[in-house]
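Inspection log for the structure reproduced underneath, given as structure tokens.
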Amino acid sequence: MWSKIILGIIGVGMTAPAQTKRIVIAAGTLLDGKGGVLRDTRLVIENSRIVAIDPKAGPVDYDLRGLTVLPGWIDAHVHITWSFGPDGKNAWQGAATPEAAYSAASNAWLTLMAGFTTVQSLGSPADVPLRDSIAKGLLPGPRILTAVEPLMGQGEKSGTPDEIRAFVRKQKDAGADVIKIFASGSMMRGEKTLSQEQLNAACDEAKKQGMRTLVHAYRDAVPAATLAGCTQIEHGLGASDDDLKSMAERGIYFDPQAGLLLETYLQFKDRYLAAPFFPEEAFAAIKDVISPHQDLIKRAARIPGLKIVYGTDAVAGAHGRNAEDFIHRVRDCGIAPMTAMVSANSLGAEALGMAGKIGSIAPGLEADIIALDGDPMNDITAVRRVVFVMKGGVVYKNIRR
Ligand SMILES: [Zn+2]
């Protein structure tokens, strides 16, 4: 017993040469994340990365033939810490309690199990310790990018351009990966909540700090965010075709939602019902905006060069069901299944500035690999059947029906 303890103590200080962990995956159908399809090939993974695509590689550790293999998905817009509270009601980002922390960890686990290996959380200060714990390998979850505290547009009260610039720098210092800006009121009503000058200051300061800006915008806030030179526009209900064309011309990414968010509010109505944000009449209004959202996506898809990413706006009740928006996009908005997949793979990675790291299956990229029981090209509901999840070379899920 003593020798074991002594060995254990010695073991702590020893620096053993890092052993290369090599994994070979066999795939019958492989989507490369950029729109390409490979048949009957094998992936070689060493440590956290893909090192080769070689049909002759062996021995095979994971035989995923009969499934559809593709890069782990990227959700550009979630609220990873938002959960239902101890009373079952929507707690928004919640309090700093152990229960809230466990709920957030559960959201992260559910999201990873659903095939999402990277998410952008927009945002909460509570995202930071969760992001860091996952990055250290202490908790299972997707790679998280966070906005920490968003800039809430509230007219004059949002501050002078200089104060807004200071707010942006403060988020960077707090560990933000991206800046989130609320430039308009809610989905249903409300106009711009930041002046053009304020919005320009936020986007310009972020650019100076080397950070991306994601702007929550409806109606007239959409052209304002475009003019301010933001990186990506969230939601966008009320945008005209001309607004969408300007976004395409300026290379601004667009992140509309196709149905999961509204479906979640309706499904968990009793948990959301509460003034001032969710009074009874809000739910009838939510039903009324389902088809305008789908129409927006249909129109956006027809704008040449507009880069439409995949962001669900996952809130309490939606974590782990992030893939439902693929079904809405394809079934309800007529988007081609491959376009839908690429929006959450290589295009999603490009929007994060991470195209050289994630979003595709190619040598040198992180081994974020998932497999579906079924072929989403023929049946988009296959996105519900994620049976294999690897993130950074670590297998977190491997179940076969
Ligand atoms: Zn959101």
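Along the sequence shown, the residues carry numbers beginning at 1. First listed ligand is number 1; within each ligand, the first listed atom is number 1. These numbers come from the heavy atoms of this one structure, side chains and all, not from hydrogens, waters or symmetry mates.
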Check the angle between the aromatic planes of Tyr265 and Tyr272 and answer parallel, tilted or perpendicular using the 30° and 60° thresholds. perpendicular
Within less than 2.8 Å of the Zn ion (ligand 1), any N, O or S from His235?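 Checking His235: none of its N, O or S atoms is under 2.8 Å.
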Is the distance from the Zn ion (ligand 1) to the nearest N/O/S atom of His77 under 2.8 Å?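 Within the cut-off used here (under 2.8 Å), His77 does place an N, O or S atom near the Zn ion (ligand 1).
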Side chains of His328 and Glu263: do they bring a donor and an acceptor to under 3.5 Å? yes
So His319 and Val119, side-chain contact (heavy atoms from CB on, under 4.5 Å) or not? Walk me through it. CA-CA 11 Å; His319 303 292; Val119 300; over 6 Å; no
Quick one: are Asp313 and His79 in side-chain contact, heavy atoms under 4.5 Å? yes
From the N, O or S atoms in Asp313, identify the one nearest to the Zn ion (ligand 1).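 Closest N, O or S atom of Asp313 to the Zn ion (ligand 1): OD1.
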